[in-house]
Amino acid sequence: MAADHRLEDDALARRLREAHRRVRLLPAADRERLGRRFLAICDLAKRDPGRAAARLESLMTLLDTPRDAENTHGD
């Protein structure tokens, strides 16, 4: 059973590394804002990996969202 927990941690660690890489490549303003969010997720991962994984998924979805879609004007 401990090995199963280890596999989940490894998957979370891989996702955290990917998120770090992607945040690091953002423009300065976005990098600062999302970098703080990323650090909060890393801190949470030490105490509650399940919640951290959910928040990380939310961050990754945000990173996947094209920036142009967020800056379009409404009707």
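Being a predicted model, the structure only gives us computed values, none of them experimental.
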So, for [X] and [Y], which heavy atoms are closest and what is the spacing to 0.1 Å?
| X | Y | value |
| --- | --- | --- |
| L56 | A19 | CD1-CB, 3.6 Å |
| L12 | A53 | CD1-CA, 4.0 Å |
| D43 | R47 | OD2-NH1, 2.9 Å |
| F38 | L16 | CE1-O, 3.3 Å |
| R37 | L62 | NH1-CD2, 3.4 Å |
| I41 | R55 | CD1-O, 3.6 Å |

Task: Rounded distance (nearest 0.5 Å) linking atom CG of L34 with atom CG of L39 - done: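 Rounded to the nearest 0.5 Å, the CG-CG separation comes to 11.0 Å.
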- [ ] Answer yes or no: is there a side-chain heavy-atom contact under 4.5 Å between P27 and D30?
- [x]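 P27 vs D30: side chains touch.
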TODO: Report yes or no: do M60 and L26 belong to one cluster of Ile/Leu/Val/Met/Phe/Trp/Tyr joined by side chain heavy-atom distances under 4.5 Å?
DONE: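 Yes, M60 and L26 fall within the same hydrophobic cluster.
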Task: salt bridge (Lys or Arg N to Asp or Glu O under 4.0 Å), paired with E18, selected from R21, R14, R15 - done: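 Only match with E18 under salt bridge (Lys or Arg N to Asp or Glu O under 4.0 Å): R21.
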Open item on the list: Looking at T61, is its backbone amide N or carbonyl O close enough to the side chain of T65 to form a donor-acceptor pair, meaning the two atoms are under 3.5 Å apart?
Closed with: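 Side chain of T65 to backbone of T61: a pair is present.
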Task: Ionic contact status for R22 with D64, cut-off 4.0 Å - done: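 A salt bridge is present here (some side-chain N lies under 4.0 Å from a carboxylate O).
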